[in-house]
Amino acid sequence: MGRLVSDRPPHQLIPRREVDPRQELPSLELEVLERWRERDVFAESLRLREGAEQWVFYEGPPTANGPPGTHHVLSRVFKDIYPRFQTMRGYRVERKGGWDCHGLPVEIAVEQKLGISSKAEIEEKIGIEAFNAACRESVFAYLEEWNRLTGRIGFWLDLDHAYRTLDETYIESVWWALAQIAQRELLYEGHKVVPYCPRCETTLSSHEVALGYEDVVDPSVYLKLQVSGGEDRLLVWTTTPWTLPGNVAVAVSPTASYARVRAGGEVLVLAEDRVVPVLGEQSEILERFSGSELVERYGSYRGPIFAAEDREEGELPILADEFVTTQDGTGIVHLAPAFGEDDYRVAAAAPTVPFEPTRAGTLYNPVRPDGTYDGRTRSREGGSYEGRFVKDPALTEELIADLRERNLLLKVEEYEHSYPHCWRCGTPLLYYAKPSWYIATSRLRDELLAANETVNWYPPHVKHGRFGDWLKNNVDWALSRERYWGTPLPVWRCPEGHVHVIGSFGELAERSGKTLEDHHRPYVDEVTFPCPHTDDEGGEPCGAPAHRVPEVIDVWFDSGAMPFAQHHFPFENSETFEERYPADFICEAQDQTRGWFYSLLAIATLMSWPAPYRNVVCLGLILDEEGQKMSKSRGNAVEPWPVLDSYGADALRWYFFTSKQPWDGYRFSLEAIGEGVRLFLKQLWSTYYFYVLYANAAEQDLRRGGADASDPADLPDLDRWALSRTAATAELVAERLDAYDATSAGRAIAGLVDELSNWYVRRSRRRFWDGDISAFETLRTCLLTVSKLLAPFCPFIADEIYDNLDGSLASVHLCDFPRAADLAPRDEELERAMELARETVRLGLGARGQAKIKVRQPLAEAVVVADGRERLGIERLAAVVREELNVRRVRFVAAAEELGSYEVKPNYRTLGPVFGKEMPLAAQAVAALDPQRVAAAVRDGGALGIAVGGREHTLTSDDVILTMRAPDGYSVEREGAHAVALDLAIDEDLRAEGRAREIVHAIQNARKTAGLQVEDRIELALDGDASLLEAATAHRDYIVRETLAVELALGGDAVGAATFDYSEHTEVDRLPLSISLRRAQSQ
RNA sequence: GGGCGAUUAGCUCAGCCGGUUAGAGCGCUUCUCUGAUAAGGAAGAGGUCCCUGGUUCGAGUCCAGGAUCGCCCA
């Protein structure tokens, strides 16, 4: 941060400290962090807005049981920028942190640490109490690192009062919500078909399933099931014959084509595509019809396939559903809702199947949790399969033999496929319906969709795309998990089956007479109370002992409850909750569409509240430079700390904000971060450094000048231009940030900094050297405005600049965001004029380049072709053009005839809609006009008509585009309607001035080589070619002034090299020149 | 298999309501300027706007189909 200049009384234009032009940004950031801490800036920024209208942010809680990665930095900086912006706009933006504490990932981490891998081991070896204690500890293993990173990247979040989903208050709010849901009769016990290991008796996560795929050979069984009321037989294919006792229906594809086929004296029905593969070339197709027609025609078949003591012979329905394909098998599948997810879904939806998912008892499942049949299924001879393991090959043989005996079997083949096995014990997994608690969200589908309509999504396509589709296809929320570390499901049930949902800890204590300090498992499992259920007439309560069901709840319910649970609503803080509902802004990665974005909306809708958020920013994925997903196993993950240490947080933030729209995902590139540092942060820093350097150098002048700001109207055009551009940028940045478009906003700031650095400062150097107060005022105002605009993006460098150039508040983050009213008024005329002047300079430099004449060589005249307003604009800034092009005069020519002739083209954009199909003819008509007449007419506002297809049209100036044609014999650069020509004649006078400038340039280089400071005065002697000395004599004052020479000796006699510290021989214009100089002793 | 998104210069990205010679930055080549700036300026090389159809007077832009990549879901 440079040394503090403390002996200096404060003056508005004089910075507090000097600045290191080569400042390392990461170390600067650490100092700024320290300053924030000392001045308690974050808390102060909240205090400052006390009583102001709230702008609400919800933190989606991460889990702290692993280290934070680069993708977390991404979401955290986006969670930071908008709250900072809105705070500066005057809102009060509380930023309560949060931690997601429960769930399977935590349990798995603990299992690994303890060296166990099954539920049995948890319950028997470790015990739930010890296991959960370990989880509680493990979940915050990386809390320190999370907090450190959060601070380091400048994410202002209230970590001291972060909510935690494991807190008692949090759990109680969740229970309350579930009790509300139960009261609306939206909570029910059904089944969920899950991958299940019958040996471990445990459900496997999809990740675990993926671990255990193996290629196996299973029997592939073709069944022929006789339709009701006819002899035709449906050909049904399955590779899991053990599921046939659970069969309740068959399904076909509604759209596929099916065929009746005569084969071996029977008529079989199967998908037309499958006739040849299954039955061979010889089969005779009798008839074809679609799946829907098949359903209509047959309706049902004779079942059940295996007799059971609780099932009667009768008819089972044929259903149609899209999930059935004709890629293999027969295009007809059997449905056993207990053993297949599709089966379950289709059976549940069909009114003809006596199965209602919300009534647990209606699911037909003849297999026990250990993978053996219960006593119900009967063989052909009436024997029982009780106790037989369903995947036992011997049993499979018996089942097949039984089918064959009953003439239900067409054939058996072997089928090789990839099938999931338990990664722990190798047992083939069963898809098996496990009892599970659901929330009937599908009944609220319309409400969910309506709530979604009130939300602004960024990017917008998520609303009716990914998220809207998900809501449209909503299925009931499978809420329960047969695990340990989670919010216990507050459902108690008595042996009679009466269910009671507890809505508060107080209620539980009252009913049970027990008070718990920790409502996690296993403690809560031990609490019982007499069942309060009464029958419909009232009367005596049931009174049987009610025990809690063993499940915990889905962690997504935890985090989705955060709008109220973080405040322990409704038990306390009702007002706080109501003030902070809904959120104005949330932001997470796009994978949260089915996660937090959904759980928030679903719970709010279940509570009959409006949508819990108004604006959602969905971030994309971070890929590596090759476009590959970052992963630890692949070793291509970029860790945040090294990036922060070498480039800094501002650099990383800037990259995320401005390199592209965040929802498109990133190809993470250190090079791109470095580019942002070089082209933006360093450019800003050196502009700032320039100001500080010269303000300190011109201290005396600035003090004399007083601190009164000049009247903007009196400022030079260049100043007014810089201020106007700054105001324009401020307007745009606020507008873009309001639209959650940090990318465009940031790029606009970068554009402004570039204009300040490469145009304003470049054009104003001399004024700063001369101590021109209005230049200092202007640049300071622009830099301070930039620092405020930039504060939400790069909070560190912004704060440093503000603190040094102003510092009247403790931090830039306590300032108001720049408003139009506080800034100089826009002067759009001037902005356009400057644009033209810069264009003119560009063309002029091009002309110089073509003529190969260096810019240092002055020329007599630049001839600019411009007319009307353009001419006025450029004329206003002629001094700028003159200096930049190093010409003595700028002359304007209005008519281009002097430099060339016009060419006229039609403007398709305006003429197209008028002429439509006739457009090509109209274009021809325009091209046929005499360009000079068109130019004249347009200039004088005269009218010019064309006639096309019998239609007259009067051309306006917008309807034609006039361009310059190449002239002959001039050095001219043209673009569009502008052209610049240079007078290339160099007389003696110009030559001498050019040489004087070359000499100055050579002396400046010599000064630099000699190691002198910018402000050092010198004694100087020049010798060499006579014509150079002549030029030096002619421009003596100029040379003395530019090189800060207190003495200038010319010619050989004057040079006694020994008395100079530094001396060199060089060439100017290929003529010899020797330069000798030394620092002047006194000034 | 379904849904969503992406595809523009060697690289990273802009490109508005469809308008006729598609832009910027980086990188490369040549030149140039410079006492804040590892910067700036000029010129050059570099494009089948993924492909195929369609709509239109006119398509990078709108529509359909396809390809490739990514994500989500099966």
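Numbered from 1 within each chain, the chains take letters A, B, ... in sequence-line order.
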Quiz item: Which one, B:rG35, B:rC73, B:rC71, comes nearest to the side chain of A:Arg594?
Solution: B:rC73
Self-check item: Phosphate OP1/OP2 of B:rG35 contacted by A:Lys1008 side-chain N/O (<4.0 Å)
Solution: no
Practice problem: Would you indicate, yes or no, if B:rG41 has its OP1 or OP2 atom less than 4.0 angstrom from a side-chain nitrogen or oxygen of A:Arg842? | Solution: no
Quiz prompt | Distance test, side-chain N/O of A:Arg466 to OP1/OP2 of B:rC71, below 4.0 Å | solution = no
Practice problem: Count the heavy atoms belonging to other residues, nucleotides or ligands that lie under 6.0 Å from CZ of A:Arg838, then report whether that count exceeds 12. | Solution: yes
Quiz item: Where each residue is assigned the nucleotide of RNA chain B containing its nearest heavy atom, which of A:His1001 and A:Val462 is assigned the position nearer the 5′ end?
Solution: A:Val462
Quiz item: Given B:rG27, is OP1 or OP2 found less than 4.0 Å from the side-chain N or O atoms of A:Arg678?
Solution: yes
Quiz prompt | Nearest-nucleotide comparison on RNA chain B, the residue closer to the 5′ end among A:Val855 and A:Ser659 | solution = A:Ser659
Self-check item: Presence of donor-acceptor pair under 3.5 Å, side chain of A:Ser757 and base of B:rA36
Solution: yes
Quiz item: Is a donor-acceptor contact shorter than 3.5 angstrom present between the side chain of A:Arg765 and the base of B:rU37?
Solution: yes
Exercise. Using Watson-Crick or G-U wobble geometry with both distances below 3.5 Å, tell me the partner of B:rU68, or none.
Key: B:rA6
Quiz item: Is any side-chain nitrogen or oxygen of A:Arg909 closer than 4.0 Å to OP1 or OP2 of B:rG19?
Solution: yes
Practice problem: Select one nucleotide: of B:rA38, B:rG40, B:rG25, the one nearest the side-chain heavy atoms of A:Arg762. | Solution: B:rG40
Exercise. Using atom types as modelled and distance alone, determine if a side-chain donor or acceptor of A:Lys660 lies under 3.5 Å from a backbone N or O of A:Tyr666.
Key: no
Practice problem: Give a yes/no on whether any side-chain N or O of A:Tyr694 is located under 4.0 angstrom from OP1 or OP2 of B:rA36. | Solution: yes
Quiz item: Nearest to the side chain of A:Lys917, which nucleotide is it out of B:rC13, B:rU56, B:rA14?
Solution: B:rU56
Quiz item: What heavy-atom pair brings A:Tyr598 and A:Asn474 nearest, and what distance separates the two atoms?
Solution: OH-ND2, 2.8 Å
Quiz item: Which part of the nucleic acid, if any, lies within reach of A:Leu1012 when heavy atoms closer than 4.0 Å are counted: base, sugar-phosphate only, or nothing?
Solution: base
Quiz item: Just checking, is any N or O donor in the side chain of A:Glu1064 or A:Asn1005 under 3.5 Å from an acceptor N or O on the other one?
Solution: no
Exercise. Just compare B:rG35, B:rG5, B:rC72 and give me whichever is closest to any side-chain atom of A:His461.
Key: B:rG5
Quiz prompt | P gap between B:rC16 and B:rC62, integer Å | solution = 9 Å
Exercise. Look at the side chain of A:Met919 and decide which nucleotide, out of B:rU32, B:rA38, B:rG19, has an atom nearest to it.
Key: B:rG19
